[in-house]
Enquirer: 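The structure's right below; bear with me while I get my questions together.
In each ligand, atom 1 is the first atom listed, and ligand 1 is the first ligand listed.
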Amino acid sequence: MTTPFIIAIDGPAAAGKGTLSRQIAQAYGFHHLDTGLTYRATAKALLDAGLPLDDEAVASRMAAEIDLASLDRQVLADHQIGEAASRIAVMPSVRRALVEAQQAFAQKPPGAVLDGRDIGTVVCPGAKVKLYVTASPEVRAGRRYDEILANGGTADFQAVFADVCKRDERDMGRADSPLKPASDAHLLDTSEMGIEAAFRAAKAIIDAALIK
Ligand code: DC
């Protein structure tokens, strides 16, 4: 039996890894899992049930119930849900439950693209390709800001920027599985790169790994 080809994509919020991951999965005919949605779904389930976000036992029971097949990006996109997700993501037993489900997903043949914060370091340390997609906080806040306006909303750039910085701090500063590039990850800084250029750069790295 051939082992599935796993591509791990990590990076901070709004670096462009979601779009890139979907494009890569489509180009190679691989399965795709946005692992942020698993944290978001857990957070939403707690919020919907009126349960506290700071009770690890309750949160980890919710995490164990999450069905990866029914994650809806649209429904989970809400800013409040992202904030709540970032808070429960610091809890080790929540992470254990979700990582277990993510690792099972990664085994789907012929291959899978997983994106998140700890894929190359914790979830799939043996991934054939690891990418760390980043961009400066100013650029990421600018993208988020433009996206809100494009969707007909209103926003204050300084507030969006402060939010991006706060999220980085929480994701990079937590004790369990902090966001950081794996030692063998390829760095892709998209600050001055469009999505097409980022895709071409990623494709060159993946193609080289496929023929190995
Ligand atoms: O990528 P996102 O904004 O949907 O992620 C929401 C939160 O989930 C993020 O702030 C941190 C957490 N997360 C995580 O801790 N590990 C992952 N692999 C993915 C997301």
Side-chain angles (χ1 to χ4, degrees), residues 6-22 24-25 31-47 53-54 56 59-60 62-64 66 68 70-106 112-125 127 130-135 137 139-141 143-145 147-148 151 160-182 185 188 190:
I6 301 173
I7 301 174
I9 304 185
D10 291 303
K17 63 185 189 309
T19 310
L20 185 64
S21 302
R22 283 192 291 280
I24 291 171
H31 303 278
H32 172 234
L33 178 64
D34 171 352
T35 61
L37 295 183
T38 65
Y39 291 90
R40 285 174 180 262
T42 306
K44 182 172 188 300
L46 290 167
L47 292 170
L53 292 171
D54 56 0
E56 185 161 354
S60 63
M62 275 299 187
I66 297 302
L68 297 198
S70 64
L71 299 171
D72 185 329
R73 200 156 68 91
Q74 230 73 29
V75 172
L76 298 170
D78 198 75
H79 178 69
Q80 294 290 103
I81 298 176
E83 270 302 298
S86 172
R87 285 179 57 193
I88 57 148
V90 305
M91 299 170 172
S93 59
V94 168
R95 302 200 69 84
R96 264 198 306 278
L98 295 177
V99 166
E100 195 178 302
Q102 293 161 10
Q103 287 172 331
F105 182 96
V113 180
L114 280 80
D115 74 272
R117 305 289 194 287
D118 60 340
I119 310 303
T121 51
V122 175
V123 181
C124 302
K130 296 181 186 177
L131 302 176
Y132 189 84
V133 183
T134 188
V139 167
R140 289 186 283 122
R143 286 180 189 154
R144 193 61 29 111
Y145 176 78
E147 194 179 277
I148 297 170
N151 289 332
V160 176
F161 180 72
D163 236 56
V164 163
C165 294
K166 192 172 81 190
R167 181 75 69 88
D168 282 0
E169 218 172 273
R170 204 184 278 144
D171 292 347
M172 294 174 184
R174 65 174 176 239
D176 188 349
S177 318
L179 167 65
K180 62 174 181 201
L188 218 58
T190 66

Enquirer: Are the side chain of Arg174 and the backbone of Ser177 linked by a donor-acceptor contact shorter than 3.5 Å?
Expert: yes
Enquirer: In a simple table, one pair per line, please give the protein and ligand 1 atom names for every N or O pair closer than 3.5 Å, along with the distance.
Expert:
{"unit_1": "ligand 1", "atom_1": "1 (O)", "unit_2": "Arg117", "atom_2": "NH1", "d": "2.8"}
{"unit_1": "ligand 1", "atom_1": "1 (O)", "unit_2": "Arg117", "atom_2": "NH2", "d": "3.3"}
{"unit_1": "ligand 1", "atom_1": "3 (O)", "unit_2": "Arg40", "atom_2": "NH2", "d": "3.0"}
{"unit_1": "ligand 1", "atom_1": "3 (O)", "unit_2": "Arg167", "atom_2": "NH1", "d": "3.3"}
{"unit_1": "ligand 1", "atom_1": "4 (O)", "unit_2": "Arg40", "atom_2": "NE", "d": "2.6"}
{"unit_1": "ligand 1", "atom_1": "10 (O)", "unit_2": "Arg167", "atom_2": "NH1", "d": "3.3"}
{"unit_1": "ligand 1", "atom_1": "10 (O)", "unit_2": "Asp171", "atom_2": "OD1", "d": "3.2"}
{"unit_1": "ligand 1", "atom_1": "10 (O)", "unit_2": "Asp171", "atom_2": "OD2", "d": "3.1"}
{"unit_1": "ligand 1", "atom_1": "15 (O)", "unit_2": "Arg95", "atom_2": "NH1", "d": "2.8"}
{"unit_1": "ligand 1", "atom_1": "15 (O)", "unit_2": "Arg95", "atom_2": "NH2", "d": "3.4"}
{"unit_1": "ligand 1", "atom_1": "15 (O)", "unit_2": "Arg174", "atom_2": "NH1", "d": "2.9"}
{"unit_1": "ligand 1", "atom_1": "15 (O)", "unit_2": "Arg174", "atom_2": "NH2", "d": "3.0"}
{"unit_1": "ligand 1", "atom_1": "16 (N)", "unit_2": "Arg95", "atom_2": "NH2", "d": "3.1"}
{"unit_1": "ligand 1", "atom_1": "18 (N)", "unit_2": "Thr35", "atom_2": "OG1", "d": "3.0"}
{"unit_1": "ligand 1", "atom_1": "18 (N)", "unit_2": "Arg117", "atom_2": "N", "d": "3.1"}
{"unit_1": "ligand 1", "atom_1": "18 (N)", "unit_2": "Asp118", "atom_2": "OD1", "d": "2.8"}

Enquirer: Under 4.0 Å between a Lys/Arg side-chain N and an Asp/Glu carboxylate O for Arg140 and Asp168?
Expert: yes
Enquirer: Going by side chain to side chain donor-acceptor pair (under 3.5 Å), name the residues that satisfy it together with Thr38, two or more places apart in sequence or in a different chain.
Expert: Gln102
Enquirer: Among residues two or more places apart or on two chains, list those pairs meeting salt bridge (charged side-chain N to carboxylate O under 4.0 Å, His left out) that have a residue in residues 84-97.
Expert: Arg95-Asp118
Enquirer: So, applying side chain to side chain contact (heavy atoms under 4.5 Å, CB included) with Asp10, which one of Asp115, Val123, Ile119 is it?
Expert: Ile119
Enquirer: What pairs meet the salt bridge (charged side-chain N to carboxylate O under 4.0 Å, His left out) rule with one or both residues in residues 36-46, with sequence neighbours excluded?
Expert: Lys44-Asp48
